[in-house]
Asker: 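Just passing along the structure, written as structure tokens.
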Amino acid sequence: MQGGTRGGAAPAPHGLSQREAFSSLEGDSREAMDDRYDAKTIEERWQRVWEEARAWHVPNPDPTADRSRKAYVLEMLPYPSGTLHMGHVLVYTIGDVLARFRRRQGWTVLHPIGFDSFGLPAENAAIREGGHPREITERNIAHITREMKRMGWSLDWDRVMAAHTPEYYRWTQWLFLRLYEAGLAYRKAAPVKWCPRDQAVLANEQVHDGRCEYCGAEVEARNLEQWFFRTTRYADELLDALEGLDWPERVKAMQRNWIGRSEGAEVLFRIEELDRDVPVFTTRPDTLYGATFFVLAPEHPLVEEIAARMDDPEQLRAYVRRAAAKRGEERAAAEHKTGVSTGFHAVNPVNGERIPIWVADYVLMDYGTGAIMAVPGHDRRDFDFARAFGLPVVRVVEPAEGESELPYESKERSDRLVNSGRFDGLPVPEAQRAIVAWLAEEGRGREAVSYRLRDWGFSRQRYWGCPIPIVYCERCGEVPVPDEELPVLLPELEDYRPQGIAPLAGAEEWVRTPCPRCGGEGRREVETMDTFVDSSWYFLRYCDARNDEAPFKREIVDWWCPVDQYIGGIDHTTMHMIYARFFMKALNDIGLVGFREPFQRFFTNGWVQLGGTKMSKSKGNVIGPDELLEAYGADPVRLYVLFIGPADEDMEWTDEGIEGMVRFVRRLYRLVSEVAERAPRGEPPASALTRKAHETIAKVTDDIGRRLSFNTAIAAVMELVNELQRAGAEDPAARFAAETAVSLIQPYAPHVAEELWQRLGHERLWAEPWPEADPALLTRDTFELVVQVNGKVRDRIQVEASLSEDELVARAKASPKVQAHLDGGEIRKTIVVPRKLVNFVL
RNA sequence: GCCGGGAUGGCGGAACUGGUCAGACGCGCCCGACUUAAAAUCGGGUGGCCUGCGGGCCGUGCGGGUUCGAGUCCCGCUCCCGGCACCA
């Protein structure tokens, strides 16, 4: 624990205060041994019982069984870091409450767990520590598994998977081959950063100011053949299907932004000197007359053609090289726009005007067509460029009234075209239609849609990942490895540091393999898959986790899926969650699954903060679950992380808070123990305490099941416990109230609940049906009628629920307090809200 | 710039469909009981101002509005958080 290092705010180091708290828990020697809450003993005992009963294992149902009461509860696949952190504690506790709750409601619950065990962190840790990624990964998995079990999460460990095991990645490869066959996985040349001195591919983050992070050499762009999934084929569906998902609005908004659909037109410009047509994409076809120059991205294929015909191409080529070495962010962050004039010209199809062609890195090759018509009068970026290089700026859109400075980017309905030939005077929307229609007629353009979403480049020049099952043969070319030869095992490697094109290239014996098609000499693909491929289908594997003939059986997957409740961080919204959605659409089209969306309902957890900021090692404000478990026990920690605040918002951890939760658990423990011993048995009377218990059942059931409002459910149980305590252990309803409280708190604090349930003379609370509120007890036969005069509350009177509206008014009017305020006035209006209030308006 | 979310006591938060003097539950703080004392525990209090102790007035970021009634709905702002962003 990072004692005393967090912001200097805490008077005492955490370690200390927790140890004090711990000793005080044990401290009270005067209480009977039996009535002392000892988290450790209780938790170990019940974890053993559950393990022996295999309580959380769920067998696969008959695929024809009714699936109206199934719940697939899933937390995002964890990367197996050395130890659990507070984020895990929150996420898995949320899922666990839901899983335990639904099980007790008689649902068939799938609540599995696994590990995202391929990937850079393990590889980097291995490079740092000098071990093998596999050893480090497996050690971490073993450790984190123990911690997860100590948290008491009801996970089905019989279905555990880990992405780095051949049993799993065999099927990752198998699925890749299906996508490959369907034309959804393909290779194309794409630029990577290459350090000529280290002879290695660099990750984007390893490039600073166009230089290698390690040796400082100037980085080059290399076009490497890389693997892509055709995510863009589903761009429209990925966007439109968001509508039907029960996800938080901000998550949907993020995906919409990410997909970035925009409607416009593609327009063909003729390049005069090459006598070639080049398409551009624009969202403003109405501004076509305002195009005063034309820009190609530095990576545009025509740039080299142009350079080849220039008298002095060196300046242009140097610019292209410089642009290639820059990272995307560096290009975007550039203070001033840069570019080079080519001396070539493009012809505007609408008026035949010749405009100069420039090459500039503010135009991106991978959006639109990699070329633009520049309209500086109505586009900020083109305007900046025009200013920098003294290019003309023309106005072609004018607001209906008033002045407007250029660049004028807005497009009000009333804005009209000027300087646009025969389209002058047309309002912007009509002008767009008219110009596109004219272009289409002339064969110079058409309506077009462009997306920000790119195809997913999933090959990595790294060792610790799933090998891509492809062999390159001189005669046959690119050949997929046949299914029977899967898995393509990741070879053991002495040196797996990034070097050359990819570390696997160094495993010469592994690389050389006969071509599966012709038997001639072949070489294996040496790149590995992005770990997001592993996590795009893991939730399918859980359904049929021990199948060694296929990744899964379709009927079984179709029975369990889609995931009913997905839980995880909002930070995975745009990558993982889009990739997994893409996978389901692809697998459905291939016929491997019967649905198209993986996650029906999604809950985003907040972050546990300390001292106002997210816990992080670098800030030194980390509280580890290990220490908390030691100091307080799993139940109080589970209760507290869900009690601090709404689980989907960031929350501030405080030592006082968790200590308050320990107090609550101890109070519950003592109170229920007393009730178990002394409370009368038999049917509870229809008393206020009994009613409170039923109201609490209704509230907690709704809070967990419908609202996912975990904090308010705990508060409701606390209210019940408070009322029980006031009534005392001898109250005739005490036993029922205690049983209800224990039963309702069980999803949150399963160990102590089980212990208390046993004390109350029962067993197996985890399998006990969830209590149901008696509706007869929820509707009271009297209620408190609020009487207002002019909207101000003047009295509250107990009345029978059976009274009619007229009778309510009569009672209200009869109240002396109300009379005092009605005095002298004439009642103009009377509002009656049944079962709530009467309001007299004077 | 575009898009999304938010602002309630000393603090975390509650109030779900406009309807119980807004503030549940917890933390903190204050008072009391138990104790030689302390801790623990238990009981009580705790939005602000005024009070003749009956109560009165004000109060949910700011300014307007709708309504018998607004934390909740509408319009206009301020600030905070998040996503996208040379995306043509």
Side-chain angles (χ1 to χ4, degrees), chain A residues 20 24-25 27-28 30-31 248-260 262 264 280-284 287 295 297 328 331-334 337 360-364 366-375 378-382 384-385 409 450-454 570-571 573-574 640 643-646 648-661 663-664 666-667 670 699 702-703 706-707 709 711-719 721-722 725-726 783-796 828-842:
Chain A
E20 282 160 10
S24 73
L25 290 182
D28 197 348
R30 275 169 307 151
E31 272 187 71
E249 189 48 44
R250 62 196 168 124
V251 173
K252 292 190 190 182
M254 280 168 71
Q255 290 209 350
R256 281 191 204 106
N257 280 341
W258 190 260
I259 296 164
S262 54
V280 303
F281 175 76
T282 177
T283 53
R284 297 293 305 274
T287 64
V295 189
R331 261 165 84 153
K337 291 205 170 17
D361 67 4
Y362 83 94
V363 173
L364 310 174
D366 52 4
Y367 183 76
T369 64
I372 62 157
M373 62 175 209
V375 184
H378 303 280
D379 183 286
R380 176 93 244 163
R381 298 151 299 176
D382 297 344
D384 291 344
F385 193 84
E409 293 187 292
S450 192
Y451 301 90
R452 206 197 75 95
L453 184 74
R454 314 275 149 91
I570 197 165
D571 43 333
T573 296
T574 47
Y640 183 58
F643 182 70
I644 327 178
D648 56 350
E649 288 173 25
D650 289 350
M651 56 206 81
E652 178 70 20
W653 180 277
T654 66
D655 291 347
E656 293 78 14
I658 177 79
E659 277 154 25
M661 191 51 79
R663 270 204 293 279
F664 168 72
R666 298 184 62 194
R667 193 155 60 91
R670 206 166 343 98
K699 167 88 176 146
D702 190 49
D703 279 355
R706 181 181 63 90
R707 300 179 60 209
S709 177
N711 55 329
T712 51
I714 299 172
V717 175
M718 285 174 164
E719 279 187 63
V721 171
N722 289 345
Q725 183 154 0
R726 269 191 292 276
F783 70 94
E784 196 173 57
L785 178 73
V786 174
V787 187
Q788 300 181 328
V789 177
N790 283 334
K792 287 214 161 83
V793 177
R794 294 306 178 186
D795 200 5
R796 293 180 299 164
R828 288 194 298 129
K829 199 170 173 186
T830 304
I831 283 115
V832 182
V833 180
R835 304 193 62 85
K836 289 231 165 84
L837 63 76
V838 172
N839 185 13
F840 297 111
V841 186
L842 298 184

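Naming convention: chains lettered A, B, ... in sequence-line order (proteins, then strands); numbering from 1 in each chain.
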Asker: Given that both distances must come in under 3.5 Å, which nucleotide forms a Watson-Crick or G-U wobble pair with B:A7?
Answerer: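 Per the H-bond distance test, B:U78.
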Asker: Hey, is the side chain of A:Arg663 poking within less than 4.0 Å of OP1 or OP2 on B:C27, counting only N and O atoms?
Answerer: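 Yes.
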Asker: Starting the side chain at C-beta, find the nucleotide from B:C16, B:C86, B:G26 nearest to A:Met718.
Answerer: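 Output: B:G26.
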Asker: With respect to the side chain of A:Arg667, which nucleotide from B:C25, B:C42, B:A88 is positioned closest?
Answerer: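 So the side chain of A:Arg667 is nearest to B:C42.
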Asker: Can you tell me the pairing partner of B:U17 across any strand shown, Watson-Crick or G-U wobble, with both distances under 3.5 angstrom?
Answerer: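 Partner of B:U17: none.
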Asker: Looking at B:C84, I'd like to know if its phosphate oxygens (OP1 or OP2) sit under 4.0 Å from a side-chain N or O belonging to A:Arg250.
Answerer: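 Result: no.
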Asker: Determine whether any donor atom in the side chain of A:Gln788 lies under 3.5 Å from an acceptor atom in the base of B:G19, or the reverse, and answer yes or no.
Answerer: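 It does, because a donor-acceptor pair links the side chain of A:Gln788 to the base of B:G19 below 3.5 Å.
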Asker: Can you check whether any acceptor in the base of B:C68 is under 3.5 Å from a donor in the side chain of A:Asn839, or vice versa?
Answerer: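 In this structure, the two groups form a donor-acceptor pair.
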Asker: Just to confirm, is there a sub-4.0 Å distance from OP1 or OP2 of B:A15 to any side-chain nitrogen or oxygen of A:Arg707?
Answerer: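 Yes, A:Arg707 has a side-chain N/O under 4.0 Å of OP1/OP2 on B:A15.
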Asker: Indicate yes or no: at least one non-hydrogen side-chain atom of A:Asp384 is less than 4.5 angstrom from one of A:Asp382.
Answerer: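 In short, these two side chains do not touch, never coming nearer than 4.5 Å.
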Asker: Quick one: A:Asn257 CG to B:C84 P, roughly how many Å, whole number?
Answerer: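 Taking CG of A:Asn257 and P of B:C84, I get 8 Å after rounding.
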Asker: B:C58 and B:C16: how far apart are their P atoms, nearest whole angstrom?
Answerer: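 Approximately 24 Å lies between the P atom of B:C58 and that of B:C16.
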Asker: Whether the side chain of A:Arg706 and the base of B:C16 hold a donor-acceptor pair under 3.5 Å is what I'd like checked.
Answerer: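 A donor-acceptor contact between them is present.
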Asker: Kindly indicate whether the side chain of A:Asn711 and the base of B:G13 share any N or O donor-acceptor pair separated by less than 3.5 Å?
Answerer: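 No, no donor-acceptor pair under 3.5 Å.
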Asker: For B:A85 and A:Arg452 - does any side-chain N or O of the residue sit under 4.0 Å from the phosphate oxygens OP1/OP2?
Answerer: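 Looking at the OP1 and OP2 atoms of B:A85, one of them is under 4.0 Å from a side-chain N or O of A:Arg452.
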Asker: Let's see if you can work this out: which of B:C3, B:A24, B:U41 has an atom nearest to the side-chain heavy atoms of A:Glu719?
Answerer: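 The closest nucleotide is B:A24.
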Asker: So if I take every side-chain heavy atom of A:Thr282 and compare against B:A88, B:A14, B:G26, which nucleotide ends up nearest?
Answerer: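 Looking only at heavy atoms from C-beta outward on A:Thr282, the closest nucleotide is B:A88.
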Asker: Does the Lys NZ or Arg CZ of A:Lys337 fall within the cation-pi geometry relative to A:Tyr362 - under 6.0 Å from the ring centre and within 45° of the axis?
Answerer: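 Yes, a cation-pi geometry.
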Asker: Does A:Ser262 put a side-chain nitrogen or oxygen below 4.0 Å from OP1 or OP2 of B:A88?
Answerer: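 For A:Ser262, the contact criterion (side-chain N or O under 4.0 Å from OP1 or OP2 of B:A88) is met.
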Asker: Using the side-chain heavy atoms of A:Val841, tell me which of these nucleotides is nearest: B:G13, B:C25, B:C68.
Answerer: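 The answer is B:C68, which lies nearest to the side chain.
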